[in-house]
Amino acid sequence: MSKALVFAEGRGETLKEASLEALGLASGLSTEVVALGIGPYAGKLSGFADRVLLVKDPRLSHPLAMPCARAFAEAFKKEGPDLAIISATPFGKEVAPLAGAMLGLPLMSDITEIKRDGSAFILTKPLYTGKVIGTYRIETHPLLFSVRPKSHPVPEPKKSTTTEEFSPPFQDADFTVSLVELAEKEAGDIDVAEADIIITGGRGMKGPENFGMLRELASVLSEKTGAKVAIGASRSAVDEGWIDHSHQVGQTGKIVSPGVYFAVGVSGAMQHLAGMRNSKIIIAINKDPDAPIFSVADFGVVDDLFKVVPELINRLKAG
């Protein structure tokens, strides 16, 4: 019998979809799946894990990395799993190395594929900004790794789930960092790390007012496809102050793997390509035929984005 422990990330009533992807992966690798939930969102884990360890602590109404890592490490000691899995979301990238240090376990980060080979595991991950795919055979147990969001599907809820309260022995040092202020996203904004389709604007957008055009395209695509569509941005657009940093895609932003990625007015700097080149389909719109973005694009339009995007919107609206 094998067991997997999964850190389920969320805030308030909202559960991260990336955590459901991790639970689905865990179900395919282990006979028992245990999820660690911290807060009300844990109720949404029913059907996706065999058991849920529920942490109730008023100090974690907004999750903090150190105490969440402590809770995960203590849950690991309690359960003794073969696999310990954390989603490689921005928050997960804080929690995973902390938990690894507490447990004395090495961390395999940003894994896109894992499968069993007898008693060993074969793991795959992108290297060198996605130019190379590394494959590793790990024969030591237990194994701690983080899994890239959007690299696995969300499963159907099929399991019979039991929930038990879990009270980790937190330390005072776990709470030396506290939440000062929480800046909420604009209503309706979807996190680029969780989107099915991303429309990213770059320096070619020329100003913040023109991102409204991309939002209109996102709205039409969402209506026509039923997919989750998010607005992304290159570092240059963020540095200009045209859009909030939470939308930034790239090495200094978020690593994404959506089904479809629109690069609109994005030249394709190396750090940006590192964050999006594993998208399933890449569509580039740029008037410069030599823009590096075309080297990774599946489809490219060499033209003025201010002509192409409105035309695309009109055609989508027309059916």
Side-chain angles (χ1 to χ4, degrees), residues 88 90 93 109-113 123-136 147-152 191-207 210-211 213-214 217-218 221 225 227-240 242-243 245-313 315-316:
K93 289 178 180 178
S109 61
D110 208 25
I111 298 301
T112 55
E113 185 180 354
L123 298 92
T124 301
K125 63 174 291 182
L127 302 168
Y128 303 110
T129 65
K131 294 187 181 68
V132 176
I133 300 298
T135 301
Y136 303 83
V147 58
R148 176 175 289 193
K150 292 294 177 184
S151 59
H152 295 85
D191 191 331
V192 291
E194 297 191 349
D196 304 310
I197 301 172
I198 299 175
I199 306 170
T200 289
R203 191 183 296 278
M205 296 304 297
K206 297 184 178 179
N210 294 319
F211 273 82
M213 179 172 59
L214 301 188
L217 175 58
L221 279 170
T225 66
K228 293 189 294 184
V229 187
I231 300 298
S234 67
R235 178 174 177 173
S236 58
V238 171
D239 287 348
E240 290 287 349
W242 297 345
I243 193 168
H245 179 268
S246 63
H247 295 271
Q248 185 175 326
V249 175
Q251 278 183 318
T252 53
K254 294 180 180 178
I255 308 297
V256 299
S257 302
V260 181
Y261 187 90
F262 286 87
V264 184
V266 175
S267 63
M270 183 65 71
Q271 73 86 24
H272 185 78
L273 298 183
M276 47 66 70
R277 69 188 309 148
N278 288 317
S279 304
K280 308 302 184 293
I281 298 174
I282 299 172
I283 302 169
I285 303 171
N286 199 302
K287 64 182 180 181
D288 178 7
D290 297 319
I293 191 67
F294 289 120
S295 68
V296 298
D298 297 284
F299 301 95
V301 181
V302 181
D303 206 339
D304 184 352
L305 70 89
F306 294 101
K307 291 177 7 186
V308 175
V309 175
E311 178 67 17
L312 179 58
I313 292 171
R315 293 199 181 198
L316 286 168

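No hydrogens, no waters, no symmetry mates; every other heavy atom, side chains included, goes into these values.
When all heavy atoms are compared, the tightest approach of V238 to A233 is CG2-CB, 3.9 Å. When every heavy atom of G268 is checked against every heavy atom of P292, the shortest pair comes out as O-CB, 3.3 Å. Shown here for I231 and V192, the closest heavy-atom pair between the two residues is O-CG1, 3.4 Å. The two residues D288 and F294 come nearest to each other via the heavy atoms O-CE1, 3.1 Å. Minimum heavy-atom separation, W242 to G202: CZ3-O, 3.7 Å. For A88 against P149, the heavy-atom pair with the smallest separation is O-CD, 3.6 Å.
The backbone N or O of V249 lies less than 3.5 Å from a partner atom in the side chain of H272, making a donor-acceptor pair. In this structure, the side chain of Q271 engages the main chain of Q251 through a donor-acceptor pair within 3.5 Å. In this structure, the side chain of N286 engages the main chain of V266 through a donor-acceptor pair within 3.5 Å. Formation of a donor-acceptor pair under 3.5 Å by the T112 side chain with backbone atoms of T124 is found in this model. Put simply, the side chain of K125 gets close to the backbone of S109: a donor and an acceptor are under 3.5 Å apart.
Here the CD1-OG1 distance, from I283 to T200, works out to 12.0 Å after rounding to the nearest 0.5 Å. To the nearest 0.5 Å, atom CG of residue L305 and atom CD of residue E311 are 14.0 Å apart. With rounding to the nearest 0.5 angstrom, the CG atom of L214 is 13.0 Å from the CD1 atom of I198. We find the NE2-NZ distance between H247 and K254 to be 8.5 Å, quoted to the nearest 0.5 Å. In this structure, OG on S279 lies 10.5 Å from CG on L273, to the nearest 0.5 angstrom. Put simply, CD1 on I111 and OH on Y136 are 7.5 Å apart, with the number rounded to the nearest 0.5 Å.
Considering K150, K280, K228 in turn, K150 is the only one that fulfils the salt bridge (charged side-chain N to carboxylate O under 4.0 Å, His left out) rule with D196.
A 6.0 Å sphere centred on NZ of K307 holds no more than 12 heavy atoms belonging to other residues, nucleotides or ligands. Few gaps surround CZ on R277; more than 12 heavy atoms of other groups in view lie less than 6.0 Å from it.
With a 4.5 Å cut-off on side-chain heavy atoms, V264 and M213 do not count as touching. M205 places none of its side-chain heavy atoms less than 4.5 Å from the side chain of I243. Side-chain contact check for V296 versus Y261: every heavy-atom pair is 4.5 Å or farther apart. Proximity of R148 to N278: side-chain heavy atoms (C-beta onward) are separated by under 4.5 Å at one or more points.
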- Item | CA sep, side-chain torsions, deciding dist, call: E113, I133, side-chain contact (heavy atoms from CB on, under 4.5 Å) | CA-CA 11 Å; E113 185 180 354; I133 300 298; over 6 Å; no
- Message: Between I199 and L221, is the side-chain contact (heavy atoms from CB on, under 4.5 Å) condition met? List the steps.
- Response: CA-CA 10 Å; I199 306 170; L221 279 170; 3.7 Å; yes
